[in-house]
Structures are given as structure tokens and as C-alpha cells.
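I have placed the structure first, in the form of C-alpha cells, so that the comments after it can refer back to it.
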Amino acid sequence: MCLGQGGEEMRKERVVVGLDVGTTKVVAIVGNIANGTIEVIGMGKAESHGLEKGVVVDIGRTITSIRKAVEEAENMADVKIESVYVGIAGKHITSINNSGTVSINRPDRIITEEDVRRVVDTAQAIQIPPESEMIHIIPRQYIVDGQDGITDPVGMTGTRLEVDVHIVTGAITAVHNLVRCVESLGIGIRQIVLEPIASSLAVLSSAEKELGVVLMDIGGGTTDISVFRGGDIWFSKVIPIAGEHITNDITVGLQTPIEEAELVKKQHGTALVDSVGEDEKIEVATIGGDEKKTVSKKKLAKIIEPRVEELLDLAMQEVEDAGYRDLIPAGLVLTGGTSLLNGITEFAAQRYDLPVRRGKIPQGIHGLRDIVESPIYATSIGLLRYAVETKDFKKPEYYDRKRSSSGSTITKKLMAWFNRFFRG
Ligand SMILES: Nc1ncnc2c1ncn2[C@@H]1O[C@H](COP(=O)(O)OP(=O)(O)OP(=O)(O)O)[C@@H](O)[C@H]1O
Ligand SMILES: [Mg+2]
């Protein structure tokens with residue numbers, strides 16, 4: 001944003017923009033931030049054709065979509081967008097937990113910000129897959145002389161400082177292609193944010209995160225999974241299967257064009273075969289013809305249910321493999337466009353015997369209500385929230401290409417950008 005003196009710039013200083021470059025749509029949302037609350041003042045949306053499974057595969061088409069979404073948002077909000085918080089997903093994303101330790105040797109033993117930096121620095125000294133880079137290094141808790149559960153150790157006294165971190169990595173090429181698309185439009189990137197983290201900030205309550213909860217953002221091309229416990233993120237993963245796969249199955253199963261399959265899914269689809277009566281019928285278009293044909297709604301449900309089952313099972317398997325299956329009493333929260341599918345929450349609740357709800361945007365967000373409330377915009381709204389959460393940091397560091405290539409003190413070797421991230 002414009003940072004400077006004077007009335008106009010002062011007003012813009014509080015404007016932040018979230019850019020969600022999804023597989024089916026690109027969304028730019030402009031928020032005005034005042035006293036920690038966000039007022040949505042503009043939104044732009046464009047169809048997305050340059051991504052596959054959450055990853056940019058066609059730079060030109062992606063740029064076109066981003067340009068359209070950004071221009072629309074600029075017009076609505078009447079601001080010039082100069083920088084954005086951009087979300088990233090894709091199956092190249094992996095996460096690991098690690099810890100680090102430093103000793104405090106000065107006579108006063110008072111922990112400084114520099115010590116915090118040092119300890120986080122040691123925690124990120126791990127092997128990451130080749131061709132990947134760190135996207136987030138999220139300090140989960142600090143431990144001072146054995147006392148754990150500390151969120152901010154600065155000013156405390158101790159001789160030994162430890163940190164537990166959650167590290168998210170992504171493929172260098174995937175990250176850089178996304179960066180190129182945004183930067184080629186003359187827009188700066190304040191921060192790249194893992195989409196599951198953004199979504200979680202939009203739809204999870206502190207109580208759920210405290211208790212233990214799984215968030216699944218089921219979009220068009222990817223399902224983003226994240227697990228929270230004790231207020232912190234413990235696990236994040238992106239799997240390349242989502243709503244488009246359901247649509248494809250309908251296309252094949254009903255022999256109907258893809259646009260029709262998409263419509264039918266939204267209007268008549270359900271994840272619960274048993275909820276549909278034998279005699280319920282719908283009309284669908286045929287491929288290459290003008291005429292419609294009649295099919296039973298049950299047939300449609302029989303196509304959808306197994307795909308949903310497979311998708312959710314794969315996601316739950318990830319949770320299980322990571323060891324969190326029995327640590328999520330708050331259950332499952334579903335968001336993303338596919339969470340709007342009829343019966344999906346009920347299906348999941350029955351199958352996994354867990355509480356399941358559709359994500360709703362919590363307090364602190366106002367403005368264009370229909371946007372703010374739809375699970376389709378959870379990621380973009382979450383990006384705005386991320387901006388708010390990180391704003392109060394004493395020294396926020398954010399993605400800066402010049403810095404990452406020339407090398408900052410902490411991040412040089414790994415081209416990471418250290419990102420202090422607080423509980424949402
Ligand atoms: N009412 C509905 N019922 C069923 N599915 C729906 C409904 N509304 C939207 N969807 C599906 O949601 C998907 C799009 O969701 P979303 O906008 O969250 O995806 P995206 O962010 O573009 O993609 P991704 O996050 O995977 O990169 C599409 O597959 C669409 O068919
Ligand atoms: Mg998405």
C-alpha cells in the first residue's frame with residue numbers, strides 16, 4: 001500500500017488486500033483495517049484457467065485472471081492495489097515440526113528479540129526436500145529453562161531458550177511462478193501465506209483450535225487440510241482432489257457436458273444417496289445435442305457419494321497418518337466451495353463419528369456480507385485476517401525477493417522468509 005505522509009496515504013495505509021489464486025477462480029478482496037476489525041470494501045473475481053490442482057501451469061492465463069480480479073476490486077474499493085497477501089497451495093506443500101535451543105549467556109539473562117531470532121534460526125536448520133523452500137516458520141511455543149507454553153519470551157529471564165516450530169515448505173518453481181504472475185502486474189507481495197493457514201484464520205474459533213480440530217478447505221482442484229491443537233497449528237497438507245473431480249465423474253456418469261455437470265452438482269447433487277427418493281427425476285443436457293434427458297436424482301447421488309467418500313477418506317487418512325485422529329474432539333470444519341455440497345457435513349459426521357460443521361466466518365469482519373459469509377471466500381478473507389494478525393509484530397518480515405536472493409541475516413541459506421505468526 002502507499003506508505004507515506006498526508007491524509008490520502010494515511011487512509012490507504014490501513015488498506016490490505018488478499019489475493020486467492022484458486023484452481024477455479026481468482027479473488028482479490030480489499031479490506032480496511034481499523035482497531036483489529038476488517039471491513040471489506042471491495043472484491044474482484046475472475047474465472048481461473050491457468051492452474052491445475054492449485055499450481056500455476058500457464059503463466060499468461062493466470063496473469064489475465066489476476067489482472068481482471070484486481071481491476072474489479074480496485075474499482076469497487078476505489079483504491080490502487082500495490083501489494084497483496086497471496087495464498088499458496090498445491091500438493092508440493094509439506095510441513096514438518098522441529099525445535100531449536102540457544103543459551104542466554106549475558107550476565108542479566110534477560111531474553112531479547114535477538115535471542116528469539118537466534119533460536120528460531122536454529123530451529124529452521126533442517127534438511128528440506130531438494131527444490132523446495134520454506135514458506136512459513138511458525139513458532140508454536142517457547143520454552144524458558146524448561147517452562148513451556150510461552151508465546152512471547154522477550155523480557156523473561158532464563159539461561160536456556162527453546163522453541164517448537166511448524167515449518168511449511170513448497171516447491172521453489174511453484175512459489176516462483178506464482179510470484180512472477182503477481183509481480184508482472186506491478187503488484188508487490190507482502191507475504192505468501194499457506195492457504196490452509198489463511199482459511200483457518202477465517203473460519204476456526206479459538207475454542208476449536210484449543211480443543212483440537214481439523215479444517216478441510218475443499219475447493220475445485222485441491223483439498224487443504226490443517227490440524228490445530230492447543231491453539232496452534234500442528235499439521236498442514238494439500239491433496240490434489242476436490243470439487244472438479246466430482247464434476248468430472250458426473251460428466252462421465254451422466255454423459256453430459258462439463259458445464260451442465262457443474263450446474264447439476266450444485267443444484268441437485270448430494271453426498272447422501274439415502275436422502276434421495278427413488279422417483280425424484282431431473283433433466284440434464286446431452287452431449288452435442290439440444291435435447292434434454294431425464295435421469296434419476298438417485299443416480300446422480302450414487303455418482304457423487306463414492307467420490308466424496310474417497311476424498312474425505314484420503315484427507316482423514318492424512319490426519320490419521322500424522323497421528324491426530326484421536327486428538328480432534330472439536331471434529332471437522334469444512335470450508336471451500338465444495339463444502340456447499342448438500343449432505344457433505346452429515347455424510348462426514350456419520351462416517352467418522354465426529355462433530356462436523358460448515359465453516360462460518362467469525363467475528364471481526366464486516367462489509368459485503370454475502371462475500372464475507374460464503375465458504376468460497378474463506379481463503380481470501382483469511383488472508384486479510386493474516387495481515388491483521390501479523391500487523392502488531394514488532395518486526396514483521398515479509399516476502400521480499402531482493403532480500404531473499406541477496407540474503408538477509410536469518411534467511412540467506414534457505415531462501416526462507418521468517419514469518420512470525422500468532423495464534424488466530
Ligand atoms: N453449491 C455447491 N455445491 C457443490 N459444489 C459447489 C457448490 N458451489 C461451489 N461448488 C464447487 O466448489 C468448487 C470451487 O470451490 P473454491 O472456490 O473454494 O475453489 P478454488 O479456490 O478456486 O480452488 P482450489 O482452492 O482448489 O485451488 C468447484 O468445484 C465448485 O463446483
Ligand atoms: Mg481455494
Side-chain angles (χ1 to χ4, degrees), residues 18-29 43-58 61-62 65-66 69 86-93 170 174 178 181 193-203 215-226 236-251 258-272 300-301 303-305 307-308 311-312 315 333-347 358-359 361 370-371 373-383:
L19 180 69
D20 174 12
V21 186
T23 308
T24 67
K25 50 100 182 47
V26 174
V27 173
I29 293 197
M43 191 278 252
K45 184 175 171 184
E47 278 188 19
S48 171
H49 299 290
L51 276 83
E52 264 171 34
K53 303 186 199 314
V55 172
V56 175
V57 292
D58 184 329
R61 294 181 94 177
T62 305
S65 302
I66 297 176
V86 64
I88 190 154
K91 71 170 193 297
H92 59 99
I93 301 284
L178 179 64
C181 291
V193 184
L194 183 69
E195 287 180 13
I197 290 176
S199 307
S200 75
L201 290 172
V203 301
L215 176 69
M216 289 182 194
D217 181 330
I218 315 175
T222 65
T223 295
D224 307 344
I225 308 156
S226 44
S236 42
K237 177 94 187 179
V238 179
I239 56 173
I241 162 164
E244 284 183 344
H245 299 83
I246 303 174
T247 303
N248 287 341
D249 286 356
I250 298 170
T251 306
I258 199 141
E259 302 76 30
E260 178 80 347
E262 180 74 17
L263 267 178
V264 164
K265 173 178 81 172
K266 291 181 186 167
Q267 277 176 7
H268 306 288
T270 172
L272 291 172
L300 175 66
I303 296 168
I304 296 174
E305 194 189 276
R307 185 51 113 169
V308 168
L311 189 164
L312 293 174
V333 177
L334 305 184
T335 184
T338 301
S339 76
L340 291 170
L341 180 70
N342 282 320
I344 193 167
T345 52
E346 295 82 347
F347 178 87
R358 201 170 270 130
I361 309 284
D370 46 334
I371 290 167
E373 281 173 357
S374 166
I376 289 177
Y377 304 109
T379 304
S380 337
I381 295 284
L383 289 167

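Numbering of ligands and ligand atoms starts at 1, following listing order.
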Margin query: Can you list everything that forms a side-chain contact (heavy atoms from CB on, under 4.5 Å) with K265? Sequence neighbours excluded, please.
Written below: I246, T247, I250, E262, L341

Next item on the list: Report the residues that fulfil side-chain hydrogen bond (donor to acceptor under 3.5 Å, both in side chains) with T222, sequence neighbours left out, ordered by chain and then residue number.
Entry: D224

Next item on the list: Non-hydrogen atoms closer than 4.0 Å to ligand 1: which protein residues do they belong to? List them by chain and number, please.
Entry: G22, T23, T24, K25, G219, G220, G221, T222, G243, E244, E262, K265, K266, G336, G337, T338, L340, L341, I376

Notebook entry, point to check: Is there a side-chain contact between K266 and L340, using heavy atoms and a 4.5 Å cut-off?
Noted result: no

Next item on the list: Say whether, by atom type as modelled, one donor and one acceptor occur between the side chain of T23 and the main chain of G54 under 3.5 angstrom.
Entry: yes

Check: For K237, which residues count as a side-chain hydrogen bond (donor to acceptor under 3.5 Å, both in side chains) partner, sequence neighbours excluded?
Finding: none

Notebook entry, point to check: Does some side-chain heavy atom of I218 sit less than 4.5 Å from a side-chain heavy atom of S339?
Noted result: no

